[in-house]
Protein chains: 2
Amino acid sequence: MTTATEPTQAVCCSPLQGAPLSAEDAQTLARTVKALADPTRLRLVSLVAAHGGEACVCDLTEPVGLSQPTVSHHLKVLVDAGLMTRDKRGVWAYYALVPGALADLARVLSTP
Amino acid sequence: MTTATEPTQAVCCSPLQGAPLSAEDAQTLARTVKALADPTRLRLVSLVAAHGGEACVCDLTEPVGLSQPTVSHHLKVLVDAGLMTRDKRGVWAYYALVPGALADLARVLSTP
DNA sequence: CCGAGGCATCGACGGATGTCAATGTCCGGG
DNA sequence: CCCGGACATTGACATCCGTCGATGCCTCGG
């Protein structure tokens with residue numbers, strides 16, 4: 001297996017508070033959090049959400065003010081983390097948020 | 001001013017979904033998320049929470065299996081991000097979670 | 001007063017990461 | 001059929017980040 005592109009399943013169940021996180025669970029959770037630990041990627045998530053839940057690269061390059069390869073790279077990170085999906089229709093690639101992903105992460109972080 | 005230790009106020013209000021994040025808001029939010037984007041720091045948060053909400057460095061070094069300077073470094077990152085507090089009592093430094101910090105972050109990420 | 005121990009800081013080093021220009025790939029229109 | 005445009009991939013580069021050993025500071029006990 002390569003180290004590259006494994007569409008990680010979004011976070012499912014890690015108490016965080018309540019019981020100490022195992023090293024493996026911590027690594028898994030950190031990979032998801034890392035995907036959001038960048039201002040550009042946070043803006044991309046926000047832009048896609050505010051764009052009707054779906055946007056192509058060409059819709060995002062100008063708002064974030066970065067080159068197209070860089071935007072594609074960030075979107076790939078988000079897809080690999082299980083936070084977004086990619087749907088290529090014709091010439092365009094449409095990116096959309098995975099419905100429950102952010103909510104799941106939020107729930108894991110703030111376990112009641 | 002140095003670039004070092006400014007106890008950042010925890011995230012307060014950033015829609016994320018709903019309206020596009022400004023570059024500044026993204027930067028601010030990313031700084032908080034970054035503080036959690038590391039397996040060791042996630043474990044430290046978890047360990048402190050499971051240790052009665054408070055723990056000294058000597059309680060944490062052995063569970064995470066890292067050197068004392070490294071653990072102190074990670075705890076400093078969490079304090080600077082506004083996620084933890086440091087209370088030095090006698091020889092020991094007790095670290096505790098900031099009550100609403102994680103919940104605030106979770107709410108910002110998954111704006112209903 | 002002095003030594004021991006808990007913790008923070010410093011300096012250094014290797015690996016990860018964000019960015020871009022250049023290039024490759026695929027689809028649709030003329 | 002071929003050209004243009006949208007996007008992904010590659011390679012290179014600078015920077016950031018996690019980690020450690022060494023060292024300094026500060027507090028308590030003797």
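Chain letters run A, B, ... following the sequence lines, proteins first and then strands; every chain starts at 1.
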Item to check | Sequence-distant partners of Ser72(A), side chain to side chain donor-acceptor pair (under 3.5 Å), two or more places apart | outcome: Gln68(A)

Next on the checklist: Categorize Tyr95(B) for me: base, sugar-phosphate, or nothing, with a 4.0 angstrom heavy-atom threshold over every strand shown.
Outcome noted: sugar-phosphate

Item to check | Linked hydrophobic residues, Trp92(B) as query - side chain contacts closer than 4.5 Å | outcome: Val91(B), Tyr94(B)

Item to check | All side chain to side chain donor-acceptor pair (under 3.5 Å) counterparts of Thr61(A), not counting sequence neighbours | outcome: none

Checklist entry - Does Arg86(A) put a side-chain nitrogen or oxygen below 4.0 Å from OP1 or OP2 of dA8(D)? => result yes

Checklist entry - Taking OH from Tyr94(A) and P from dA8(D), how many angstroms apart are they, rounded to a whole number? => result 13 Å

Item to check | Within residues 47-60 of chain B: residues closer than 4.0 Å to DNA chain C (heavy atoms) | outcome: Cys56(B), Val57(B), Cys58(B)

Item to check | Whole angstrom value for the distance that separates C1' of dA8(D) from CG of Asp80(A) | outcome: 13 Å

Next on the checklist: Applying side chain to side chain contact (heavy atoms under 4.5 Å, CB included), can you list everything that pairs with Pro69(A), at least two apart in sequence or on another chain?
Outcome noted: Ser67(A)

Look for any protein N or O under 3.5 Å of an N or O in nucleotides 27-30 of chain C and output each such pair with its distance, or none.
none

Next on the checklist: Strictly by side chain to side chain donor-acceptor pair (under 3.5 Å), give each pair with a member in residues 81-90 of chain A just once, sequence neighbours left out.
Outcome noted: Glu54(A)-Arg89(A), Asp87(A)-Arg89(A)

Checklist entry - Can you name the closest pair of heavy atoms from Leu109(A) and Leu16(A) and give their distance? => result O-CD2, 3.5 Å

Grab the N/O contacts between the protein and nucleotides 11-18 of chain D below 3.5 Å, and write none if there aren't any.
residue : atom : partner  : partner atom : Å
dG18(D) : OP1  : Arg41(B) : NH1          : 3.2
dG18(D) : OP1  : Arg41(B) : NH2          : 2.7

Next on the checklist: Checking Ala55(B) now: which residues fulfil side chain to side chain contact (heavy atoms under 4.5 Å, CB included) with it, not counting sequence neighbours?
Outcome noted: Val48(B), His51(B), Asp59(B), Leu60(B)

Item to check | Between P of dG6(C) and CG of Asp87(B), the distance in whole Å | outcome: 18 Å

Next on the checklist: To check you understand the geometry: which heavy-atom pair defines the closest contact between Ala26(B) and Pro39(A), and what is its length?
Outcome noted: CB-O, 3.5 Å

Item to check | Interatomic distance where CH2 belongs to Trp92(A) and P belongs to dC26(C) [whole Å] | outcome: 18 Å

Checklist entry - Could you give the NZ-to-C1' distance, from Lys76(A) to dT17(C), as a whole number of Å? => result 15 Å

Next on the checklist: Can you tell me whether the side chain of Gln68(A) and the base of dA6(D) have a donor-acceptor pair closer than 3.5 Å?
Outcome noted: no

Checklist outcome for this item: Sorted by chain and number, sequence neighbours left out, side chain to side chain donor-acceptor pair (under 3.5 Å) with His74(A) holds for Arg41(A)

Next on the checklist: Show me the pairs that pass salt bridge (charged side-chain N to carboxylate O under 4.0 Å, His left out) and involve residues 91-101 of chain B, at least two apart or across chains.
Outcome noted: none

Item to check | Phosphate OP1/OP2 of dA8(D) contacted by Ser72(A) side-chain N/O (<4.0 Å) | outcome: yes

Checklist entry - Cluster question for you: counting only ILVMFWY and a side-chain heavy-atom cut-off of under 4.5 Å, with indirect links fine, are Val77(A) and Leu83(A) together? => result no

